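Per chain, numbering begins at 1; letters A, B, ... match sequence-line order. Since this is a predicted model, take the numbers as computed values, not measurements.
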Amino acid sequence: MSAPQAENQPILAVTDLVSGYDPGVPIVRGASMTVAPGEIVVILGPNGAGKSTFIKSIAGLVPKQSGSVRLEGREIAALPAHRLVHEGLAFVPQTENVFGQMSVEDNLRLAAGILPKAERAPQLDKMYGMFADLARQRHLLAGRLSGGQRQMVAVARALMVSPRVVMLDEPSAGLSPKLVEQVFVNLAGIRKAGVTIVLVEQNARAALAIADRAYILAEGRNAHEGGAADLWNDPAIAALYLGGGKLRGREVPA
Amino acid sequence: MNLQFLVDGLLTGSIIGLGAIGVTLTYSILRFSNFAHGEFISWGAYATLFTSGILGWAMGGAVPAIGPFSFGWTLLVAAVFAMALTGLLALGLDYVLFRHLRRRANAITAVMASFGASMALRSLLEFFFTSSPTYFSKKLQIAKQLGLGIRATPDQMVLIGLTAALVLSIHLLLTRTQTGRSMRAVSENPDLARVAGIDVARIVNITWMIGGALACAAGIMVGLLVQIRPYMGFDLLLPLFAAAILGGIGSVPGALIGGLIVGLAEAVAVQTVGAEWRAAIAFLLLIVVLIVRPSGLFGVRS
């Protein structure tokens, strides 16, 4: 789907972000990222590179020390986490990303709270249309669901408010290979619906297969960036950051 | 065995339950034990006494009691007003004290601060109202025979009914409304709640208002059934926590049922082994329940 606005206007632009839990100890040390409307951008890098902290600080969950975050041109770096959803930026955490003691439906209704009353029920139906499994399990406690279904609730929860950009922290973590595939098929479907996607992933192969572009972070800074296929096929980068030499030479499945 | 313990236990249990709901809500949403919660009970009772006194004075003397009850309409109006005031007191205490500690200090600091606040609030009551007991009304009430050897005054019966209505409305608020869902969400996972667009600060304020208002209701019950004195709330503090833990921290129905169990256990103890043993019996019960079910009756294992 073509983006409605000019391609050169990024939907999300992060510039020189410095952030961390303790003021004196930055984990992200000046990382930048631009995302065009309708893109899937993946953030890769070794353990401890600050990938998760990077998107958590964009989502307002980790204090930012400096840097700028612009969503559709508006500066949002100073907004608290709960305001970002109103601005159109949704976030799906890696773990504990559903309210386990609430039903599936209550999880979704909770997220609908920021919508005008008249839009809540239609939006709920839309999610049940998109995720048929959830419609069947709407009255089950979310904590009772399998890992894959919980991930579905978490993604549906984020999509309830029709965000412009969804950020996901390792959506494939802890899932079986078959479910990982399902998650990435879902993400591709969500992008088709016009939602821009940013994700942090350990599973470089699966993520690069659906991504347009990738950023590789190391020690809290940008180490490399480029088209998904270019990064994948660069043997030096694959050896350094994408899981070592065993992957070299394998083509990205198109 | 005389069945009178049922009425006595139900009344004490309602009082403890109303207070314990506030304790369990503040614990699950703010994650600390507020030992000043008993003072909300006392302040609520005195706020009601003070307001109904002013209303009575403005009406030019004592207002006649309603039907068979010991109180007139001024007390009912004062009760509603005082519940709002006590909610604001809880909110104010959070604003000047707990809010700052939540951001920087660890849990034990906040607990000790709540002890300090408890003493300060209690001393203020002694300063303004002296430590001698007072009453909403000194009118004697005749208990009615209800059969099976049970007797209850009209006040006692209407208070049990009002408690049930109050608890039911809180339960509906928590389970059926967006505010209630948000409160459960913040209690389970504050970060995820923020990501879902919930203003956690607003939910914290609502929690204090509800806790304060229910504590005030408990204080009014103590005032109507026993007497009003500055220590009335502090003396209830241990039973409040016992009830909240027994029912399972975070559970509103659990807090009420915990309160009723503690209340009934105390009433049975008074009748069978003697009044001086009642706290011991209630805590023995608490220990037994916690050994069998460490998360409390309705608690969720975390």
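- For A/Glu96, the CD atom sits in a loose shell: 12 or fewer heavy atoms of surrounding residues, nucleotides or ligands are nearer than 6.0 Å.
- For chain B, the nearby part of A/Arg157 is the side chain; its heavy atoms alone come within less than 4.5 Å.
- For the set A/Ala154, A/Gly100, A/Ala112, the entry with the most heavy-atom pairs within less than 4.5 Å of chain B is A/Gly100.
- Other residues, nucleotides and ligands place no more than 12 heavy atoms under 6.0 Å from the CZ atom of B/Phe81.
- No more than 12 heavy atoms of other residues, nucleotides or ligands lie within 6.0 Å of CZ in A/Arg144, so this atom counts as exposed by the packing criterion.
- When heavy atoms are compared at a cutoff of 4.5 Å, A/Val98 approaches chain B solely by way of its backbone atoms N, CA, C and O.
- Contact of A/Ile114 with chain B is made through the side chain alone, with heavy-atom distances under 4.5 Å.
- By the 6.0 Å contact criterion, CZ on B/Arg176 is open, its count of non-hydrogen atoms from other residues, nucleotides or ligands being 12 or less.
- Applying a 4.5 Å heavy-atom cutoff, none of the residues of residues 122-134 of chain A approach chain B.
- Here the CZ-OG1 distance, from A/Arg109 to B/Thr177, works out to 11.5 Å after rounding to the nearest 0.5 Å.
- Residues of residues 178-197 of chain B lying under 4.5 angstrom from chain A, judged on non-hydrogen atoms, are B/Gln178, B/Arg181, B/Ser182, B/Arg184, B/Ala185, B/Glu188, B/Asn189, B/Asp191, B/Leu192, B/Ala193, B/Arg194, B/Val195, B/Ala196, B/Gly197 by number.
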Let me see the working for B/Asp199 and A/His82 under side chain to side chain contact (heavy atoms under 4.5 Å, CB included), right down to the final yes or no. CA-CA 6 Å; B/Asp199 183 353; A/His82 71 270; 3.5 Å; yes
